[in-house]
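As the structure is a computational prediction, the values presented were derived from the model and not from experiment.
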Amino acid sequence: MTIQTINPATGEVIKTYQEMSGNKVDQMLANGDAAFQHWKTLSFAERACLMKKVAELLCADKTNYAKIITTEMGKPITQAIAEIEKCAWICNHYGDHAEMYLAPRQVKTEMQKSFVYYEPKGLIFAIMPWNFPFWQVFRFAAPNLMAGNTAVLSHAPISTGAALAIEQIFHLAGFPAGVFQSLIINNEQAAKVIADPRVIGVTLTGSQGAGKIVGSEAAKHLKKSVLELGGSDPYLILADADIDRAATTCVTARLMVSGQVCISPKRLIVVDNVYDQFEQKVIELTRAYQAEDPLSETCNFGPMARADLRETIAKQVNDSMAKGAVCVYGGKSINRPGFYYQPTILKNIQAGMPAYEQELFGPVICLIRAKDEQEAIAIANDNAYGLGAAVFTRDEKKGERIAVQELRAGVCAVNTFVASDPRMPFGGTKQSGYGRECSAEGIYEFMNIKSVSIA
């Protein structure tokens, strides 16, 4: 079988790849397992030297790496460059902090000596998405490789070029053969990789459906899994919010990557007495987003990544309108080559509509009116997902209280948009998955946390 990458700005084929044979995959797993036996013995300083070399290579050639992102999945080139820079950041972060995160921890007990030791476990299988094709990979790879584990990657087919480029970066940085490898495989082969005894765990960023399959396969073989499954993030705009700031933040975050971001503000829940003002500001700001060639440095709005994704978002919009939602801006595909869909604003969103219940992975801003703060919080939590959430208010203490005590999500923000940060744990609750990436929590996920006591 073959895989084709297609430029979403033009619809033209970029390259065709051949799926790997079973024998090839088996050999790569053997290489990853063998590499682990040596890699785990290196000092943190030795591993950090190589990881920081990766950061240097990313920065030195960031424009060319960004072009791979843009041509394969349509992200505006300026956003793609920022993604590469963020990858360098996480490599440097774990190069500097992995040893501290994993330092043995002594515990006072009745024994002569008791301590906790963090031990790498082996070869990790990563299944990664196309929307941040470099960042999502480095988000799992930097902590796990610094911890002494090795990795094999199965990337989204449309990001095959990115997957191979990342593998080459680790090679150029001087990582030993087998420490990081990119597989070109299908779903059936992926299930076999999960089952393989040389693989000790699996990490997935993807859809809820994919998470159920991967989590089930991992559990069947008693393997640890980390699942980041997207969300329908609520952003609360309270009566005392700075409306200009809130609207600008929400529109910017929602239309980034044409709305194809897991932690994008997918439900804007606005209290009644500032709703009309907020809606008008959102419409005004959205008009500034015009479809362009994503390779242009002036582009702020590119195509969706695939034709079927555009069809899905169009159906969700149309089904929501059929149930009473009102489209106040956009709502249609753009008549030009590629997979463009208009920036769209829906209002009168109610329970039972796709725009209320489902994740809309596209450039659709959903406005929900709430009578007051308590109803806004109730609407925010009335959803199966729990990845991110935000609240806008001039009362910072109130905002902090709502973020800490009221919003059921893994990552919350006050007066800004939700973003992943190498220094902070990242992940969801409810149907947004389990486990964490980034910070100390992210590096612990695939470690054997070993307790040792000496009498």
Using side-chain heavy atoms (C-beta onward) and a distance below 4.5 Å, is [X] in contact with [Y]?
{"X": "F278", "Y": "L367", "answer": "yes"}
{"X": "V257", "Y": "Q79", "answer": "yes"}
{"X": "R47", "Y": "L145", "answer": "no"}
{"X": "L285", "Y": "T248", "answer": "yes"}
{"X": "I379", "Y": "P234", "answer": "no"}
{"X": "F339", "Y": "L309", "answer": "no"}
{"X": "I166", "Y": "F138", "answer": "yes"}
{"X": "I184", "Y": "M20", "answer": "yes"}

Problem - With sequence neighbours excluded, residues passing side chain to side chain contact (heavy atoms under 4.5 Å, CB included) with T249 - result: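 Side chain to side chain contact (heavy atoms under 4.5 Å, CB included) check on T249 returns R245, F392, F417.
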
Exercise for the section: Using the test side chain to side chain contact (heavy atoms under 4.5 Å, CB included), find all partners of P303 that sit at least two apart in sequence or belong to another chain. Expected result: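 For P303 the side chain to side chain contact (heavy atoms under 4.5 Å, CB included) partners, ignoring immediate neighbours, are P8, A9, P294, Y340.
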
If you round to the nearest 0.5 Å, how far is [atom2] of [Y] from [atom1] of [X]?
{"X": "N448", "Y": "Y118", "atom1": "CG", "atom2": "OH", "result": "11.0 Å"}
{"X": "R306", "Y": "I158", "atom1": "CZ", "atom2": "CD1", "result": "5.5 Å"}
{"X": "S232", "Y": "E357", "atom1": "OG", "atom2": "CD", "result": "9.0 Å"}
{"X": "I443", "Y": "L102", "atom1": "CD1", "atom2": "CG", "result": "4.0 Å"}

Would you list the pairs meeting salt bridge (Lys or Arg N to Asp or Glu O under 4.0 Å) in which at least one residue belongs to [range], sequence neighbours left out?
{"range": "residues 123-136", "value": "none"}
{"range": "residues 135-146", "value": "R139-E228, R139-E437"}
{"range": "residues 329-354", "value": "E279-K347"}
{"range": "residues 31-46", "value": "none"}

Practice task
Could you list the residues that satisfy ring-ring contact (aromatic ring centres under 6.0 Å, His included) with F180, not counting sequence neighbours?
Solution key: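 Result, ring-ring contact (aromatic ring centres under 6.0 Å, His included) vs F180: F170.
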
Ignoring hydrogens and angles, write down the donor-acceptor pairs under 3.5 Å from the side chains of residues 53-65, residues two or more places apart or on other chains.
| residue | atom | partner | partner atom | Å |
| --- | --- | --- | --- | --- |
| D61 | OD1 | N64 | ND2 | 2.8 |
| K62 | NZ | E85 | OE2 | 2.7 |

Side-chain donor-acceptor contacts of residues 425-435 below 3.5 Å, not counting sequence neighbours, with atom names and distances?
| residue | atom | partner | partner atom | Å |
| --- | --- | --- | --- | --- |
| K430 | NZ | N381 | O | 3.3 |
| K430 | NZ | N383 | O | 2.7 |
| K430 | NZ | Y385 | O | 3.3 |
| Q431 | OE1 | Q208 | NE2 | 3.2 |
| S432 | OG | G230 | O | 2.6 |
| S432 | OG | G386 | N | 2.9 |
| S432 | OG | L387 | N | 3.1 |
| Y434 | OH | S225 | OG | 2.8 |

Output yes when a side-chain donor or acceptor of [X] lies under 3.5 Å from a complementary backbone atom of [Y], and no otherwise.
{"X": "T344", "Y": "G331", "result": "yes"}
{"X": "K281", "Y": "A246", "result": "no"}
{"X": "Q290", "Y": "R287", "result": "yes"}
{"X": "E72", "Y": "G161", "result": "yes"}
{"X": "N149", "Y": "I124", "result": "no"}
{"X": "H155", "Y": "P133", "result": "yes"}

Handout entry: Pair Q27-N23, side-chain donor/acceptor within less than 3.5 Å
Key =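 There is no such pair between these side chains.
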
Handout entry: Polar contact flag, side-chain donor to acceptor under 3.5 angstrom, K15-T160
Key =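 No, because no side-chain N or O of K15 sits under 3.5 Å from a partner of the opposite role on T160.
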
Practice task
Quick one: which residue pairs count as a side chain to side chain donor-acceptor pair (under 3.5 Å) with a foot in residues 168-190, not counting sequence neighbours?
Solution key: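 Found E19-N186.
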
Handout entry: For I84 against A66, the heavy-atom pair lying closest together
Key =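 Taking every non-hydrogen atom into account, CG1-N, 4.0 Å.
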
Problem - All salt bridge (Lys or Arg N to Asp or Glu O under 4.0 Å) counterparts of R436, not counting sequence neighbours - result: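 So R436 forms no salt bridge (Lys or Arg N to Asp or Glu O under 4.0 Å) with any residue.
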
Problem - Qualifying ring-ring contact (aromatic ring centres under 6.0 Å, His included) pairs with a residue from residues 19-51, counting only residues at least two apart or across chains - result: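 Sorted result for residues 19-51: W39-F175.
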
